[in-house]
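Heads up: the structure comes next, in structure tokens.
Below, read A as the first sequence line, B as the second, and so on, with proteins coming before strands; counting in each chain starts at 1. When reading the values below, keep in mind they use all heavy atoms of this one structure, side chains included, and skip hydrogens, waters and symmetry mates.
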Amino acid sequence: EAQVTQNPRYLITVTGKKLTVTCSQNMNHEYMSWYRQDPGLGLRQIYYSMNVEVTDKGDVPEGYKVSRKEKRNFPLILESPSPNQTSLYFCASDPGPGLAGGGEQYFGPGTRLTVT
Amino acid sequence: GEDVEQSLFLSVREGDSSVINCTYTDSSSTYLYWYKQEPGAGLQLLTYIFSNMDMKQDQRLTVLLNKKDKHLSLRIADTQTGDSAIYFCAESSIYNQGGKLIFGQGTELSVKP
């Protein structure tokens with residue numbers, strides 16, 4: 001089954017304690033992204049990757065890091081989390097340009113992060 | 001930067017039609033999407049429309065695109081209580097790096113019995 005998985009689904013942590021949210025896709029997609037969802041703001045892109053070892057900032061990258069060492073995995077790293085990073089996070093994958101089917105992005109189930 | 005706007009709330013009676021509206025600013029939009037998010041759940045792609053189409057129908061869902069006015073709407077016929085959710089409009093463009101989607105704020109649809 002084609003899917004994007006994220007772990008953990010829920011996380012409560014304290015300010016300054018480094019954490020990693022994992023994301024994995026089994027569709028051999030080239031593109032992967034991280035979004036955060038906040039009430040009244042919709043989803044905003046944090047970082048994206050267009051291939052292995054190719055990553056770039058999205059609209060709200062401050063306080064986050066990513067890596068893409070393998071095509072299937074795209075972890076999101078918060079080196080020193082702060083309360084304003086409390087949010088719902090989604091990982092997404094996309095087959096990339098030039099493919100039929102509407103350019104559909106596949107979203108993971110979401111990770112609800114609370115930083116106290 | 002490019003922007004997508006939606007009204008935040010819509011309330012309808014069960015059995016009525018719901019119309020959720022969205023406006024966008026990107027003239028180079030390629031695809032426009034509607035996603036549904038039920039409480040506590042992830043994003044479910046409902047439907048999408050290519051930018052050279054005016055309308056797309058899929059069972060109870062009808063998407064209308066007015067490219068001149070940059071206006072997109074989602075009509076849900078015979079709305080049911082199970083349709084209560086947040087609906088997001090999103091757009092993509094060949095100029096959006098990495099397949100980036102630009103989302104609206106989401107419209108919370110409340111269906112009253």
Worked verdict on B/Gln37 versus A/Leu43 for side-chain contact (heavy atoms from CB on, under 4.5 Å) = CA-CA 12 Å; B/Gln37 184 180 40; A/Leu43 283 81; 5.8 Å; no
query = Measuring from B/Tyr31:OH to A/Gln105:CD, what's the distance to the nearest 0.5 Å?
reply = 13.0 Å
ask   = Are B/Leu45 and B/Ile102 grouped together when hydrophobic residues (ILVMFWY) are joined by side-chain heavy atoms under 4.5 angstrom apart?
value = yes
task = Tell me, for B/Phe88 versus chain A, whether the close heavy atoms (under 4.5 Å) come from the side chain, the backbone, both or neither.
result = side chain
inquiry  = Assigning hydrophobic clusters by single linkage (Ile, Leu, Val, Met, Phe, Trp, Tyr; side-chain heavy-atom cutoff under 4.5 Å), is A/Phe74 placed with A/Leu78?
reply    = yes
request  = For A/Tyr35 and B/Leu101, indicate whether the former's side chain and the latter's backbone hold a donor-acceptor pair under 3.5 Å.
outcome  = yes
query = Is B/Tyr35 reachable from B/Leu74 through a run of I, L, V, M, F, W or Y residues, each pair having side-chain heavy atoms under 4.5 Å apart?
reply = yes
query = How far does CG of B/Leu43 sit from CD of A/Gln37, to the nearest 0.5 angstrom?
reply = 6.5 Å
ask   = Are B/Ile76 and B/Leu72 connected in a single hydrophobic cluster, I mean Ile/Leu/Val/Met/Phe/Trp/Tyr linked by side-chain heavy atoms less than 4.5 Å apart?
value = yes
message = Looking at A/Arg112, I'd like to know if its CZ atom is crowded, meaning that more than 12 non-hydrogen atoms belonging to other residues, nucleotides or ligands lie closer than 6.0 Å.
response = no
note = Distance col, row A/Phe90:CZ vs B/Phe103:CZ, nearest 0.5 angstrom, shows 9.0 Å
key: Single-linkage hydrophobic cluster B/Leu61~B/Leu65, side-chain heavy atoms < 4.5 angstrom   = yes
query = Who among A/Ser49, A/Ala92, A/Gly42 has the most heavy-atom pairs with chain B under 4.5 Å?
reply = A/Gly42
